[in-house]
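Data block below; observations after.
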Amino acid sequence: MDLKSNEPFWLLKNGLLASYPSLQSNEKCDILIVGGGITGSLIAHQMIEDGYDTILIDKRELCNGSTSATTSMLQYEIDVPLYELIEKIGKKGAVLSYKACSDAIDTLEKLSKMIKSNAGFKRKKSLYFASKKKDAEWLKKEYQARKENGFEVQWLGKEQILKKFEFENTYGGILSRQGASIDAFQFAHELFMYNVKKGLKIFDKTEMVKVEEHKGFNLVTVDSGYQIKAKKIIYCIGYESKNLLKENFVNLKSTYAVVSEIDKDKFKNISNTLVWNTDNPYLYMRTTDDERMLIGGGDEDFYDAEKRDALLNKKEKEILKNLKKIKPDYHFYPDFVWAGTFGETKDGLPYIGEHKKLRNSYFVLGFGGNGITFSVTGMEMASLFMKSKRHPLSRYFKFGR
């Protein structure tokens, strides 16, 4: 499955940061991680930290799937509003899920400092505004739900948003303290390089083609014919999990993004803020660490890469038209446009845990707009799984829930 298209900004900005060999010998390990994106890098880091002999494989170059197409907005807000998630799964699970995403941002900051990352981690606030008058009512309900459950939020009226951000045609919104942005492509590569020095083995351009399940281990055959004997497999394959698990647990969507030319002065009023709105699909924007504006949206159901890519020009115009609604006098100069594929679940939550059809295996699949923060939660969960322990979120993130 092709998970990105045209010219993803992060891939061109960073170039080829590292290259690893394909598998050319039989290997054995405690943990085999399948998938070399941001999720795989985080889980590999946790496994190495926990002292496991770990191998990671990816059928592409590392981070050349969805990680190169992500917008890397780090938010604790899940695609399903908190008040609605409470109605779906109960207050305990909903609040725990939101707090886990909030804690994940703190963890990423600490991890960033620990490995001396140059991936531009930056603390930001998050503005979630009503794009239609009718949305303001339920958005105020969402504000109350967050406030009552301990999240630092402030309600801004339309005049306050206009004064602070110079956005017109809004109907109020929630300003959250907790948020951040990062270059996930570079950060994942940095994590890989850090852990290779600590013993992680990486083989890219190495595709898993067969898994034989045995008592206490799995035997994985890759496309070169060589095999890896692993006590446990952790699948960090995101949206491609639909190819492995033939069931309808996630809907695939295409999302589109545009990045502007560099402008040092034009984006100052949102340089420290992530922005998104209540449209369906929602518009979202952030600045990059090299002083560009990144805007995305226009989500569509994913059918195939060819149909997705054919919409690039149309979606670019659609996104910029939506920007004009809140910034009528602003002219946006596009420099990059691309599409990526993501997964959407009914409750906005990831799938992290075991699957009944696969032995000696776990999945860490961070779906929706919180893929990165969910994957950080997956680090803690995977660490407990290896010790045969349960995590408080296991019941809410499990398959078949």
Side-chain angles (χ1 to χ4, degrees), residues 1-20 33-44 56-74 108 112 117-121 181-193 202-207 236-241 252-260 284 286-290 292-299 302 304-306 308-309 311-312 315-316 319 334-343 364-376:
M1 188 184 295
D2 179 11
L3 297 178
K4 59 178 177 54
S5 65
N6 208 341
E7 300 176 322
F9 171 65
W10 312 111
L11 188 56
L12 294 179
K13 173 177 175 282
N14 292 296
L16 184 63
L17 291 174
S19 185
Y20 298 89
I33 297 171
V34 182
I38 181 65
T39 303
S41 74
L42 290 163
I43 301 304
L56 181 142
I57 62 173
D58 194 292
K59 67 180 184 181
R60 306 178 182 86
E61 296 274 359
L62 292 190
C63 305
N64 271 32
S66 292
T67 298
S68 67
T70 178
T71 56
S72 300
M73 291 173 66
L74 305 176
L108 283 168
S112 218
S117 168
N118 292 310
F121 179 94
S181 63
I182 198 171
D183 178 342
F185 180 88
Q186 182 175 344
F187 183 66
H189 270 290
E190 289 172 337
L191 266 181
F192 284 131
M193 289 185 270
I202 296 176
F203 302 98
D204 65 11
K205 295 182 179 175
T206 298
E207 184 173 5
C236 302
I237 53 177
Y239 324 120
E240 291 189 307
S241 55
L252 297 188
K253 296 279 187 175
S254 299
T255 191
Y256 298 81
V258 187
V259 166
S260 75
Y284 52 89
R286 56 162 283 205
T287 54
T288 64
D289 60 348
D290 62 346
R292 301 172 185 266
M293 172 83 87
L294 186 159
I295 309 177
D299 301 353
F302 176 84
D304 60 62
E306 189 176 335
R308 177 198 62 196
D309 297 354
L311 291 171
L312 275 170
K315 290 298 179 179
E316 178 184 352
I319 289 168
D335 221 358
F336 301 89
V337 57
W338 71 91
T341 302
F342 71 98
V364 180
L365 308 174
F367 292 126
N370 294 72
I372 297 174
T373 51
F374 280 144
S375 295
V376 175

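We're numbering straight along the sequence, starting at 1.
For the pair Ser260 (side chain) and Pro334 (backbone), a donor-acceptor distance under 3.5 Å is absent. No side-chain donor-acceptor contact under 3.5 Å links Thr287 to the backbone of Arg292. At least one donor-acceptor pair under 3.5 Å links the side chain of Thr206 to the backbone N or O of Asp204.
Residues Phe187 and Ser112 are in side-chain contact: their nearest non-hydrogen atoms beyond the backbone lie under 4.5 Å apart. Between Val259 and Trp338 there is a side-chain heavy-atom pair separated by less than 4.5 Å. Using a 4.5 Å cut-off on side-chain heavy atoms (C-beta onward), Leu191 and Leu42 make contact. Residues Glu61 and Lys205 are in side-chain contact: their nearest non-hydrogen atoms beyond the backbone lie under 4.5 Å apart.
Ring-centre distance between Phe302 and Tyr239: not below the 6.0 Å cut-off.
When all heavy atoms are compared, the tightest approach of Thr39 to Ser375 is OG1-OG, 2.7 Å. In this structure, Glu190 and Asn118 approach most closely via the heavy-atom pair OE2-N, 2.8 Å. The shortest heavy-atom contact between Cys63 and Phe192 is SG-CE1, 4.0 Å. Summarising the geometry of Gly340 relative to Ala69, their closest heavy-atom pair is CA-CB, 4.1 Å, with the distance given to 0.1 Å. Between Arg286 and Ser72, the shortest heavy-atom distance links the atoms NH1-O, 3.4 Å. Across Thr341 and Ser66, no two heavy atoms sit closer than the pair O-OG, 3.6 Å.
Rounding to the nearest 0.5 angstrom, the gap separating the CD atom in Glu306 from the CG atom in Leu311 is 11.5 Å. The CG atom of Asp309 lies 8.0 Å from the OG atom of Ser254; values are rounded to the nearest 0.5 Å. The OG atom of Ser41 sits 9.5 Å away from the CG atom of Leu62 when rounded to the nearest 0.5 Å. Between atom CD1 of residue Ile202 and atom CD1 of residue Ile33 there is a gap of 9.0 Å, rounded to the nearest 0.5 Å.
Checked against side chain to side chain donor-acceptor pair (under 3.5 Å), Tyr20 has no partners two or more places apart in sequence or in another chain. With sequence neighbours left out, Phe185 forms a ring pair (Phe, Tyr, Trp, His ring centres under 6.0 Å) with His189. Listed by chain and residue number, nothing satisfies the salt bridge (charged side-chain N to carboxylate O under 4.0 Å, His left out) test with Asp58 (two or more places apart in sequence, or in another chain).
Exactly one of Leu108, Leu74, Asn370 qualifies for a side-chain contact (heavy atoms from CB on, under 4.5 Å) with Val376. That residue is Leu108. Considering Thr70, Thr71, Asp299 in turn, Asp299 is the only one that fulfils the side-chain hydrogen bond (donor to acceptor under 3.5 Å, both in side chains) rule with Thr255.
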* Check the pair Arg308, Lys315 against side chain to side chain contact (heavy atoms under 4.5 Å, CB included), reporting the backbone distance first and the verdict last. => CA-CA 10 Å; Arg308 177 198 62 196; Lys315 290 298 179 179; over 6 Å; no
* To do: Check the pair Ile319 / Tyr256 against side chain to side chain contact (heavy atoms under 4.5 Å, CB included), numbers first and verdict last.
  => CA-CA 8 Å; Ile319 289 168; Tyr256 298 81; 3.9 Å; yes
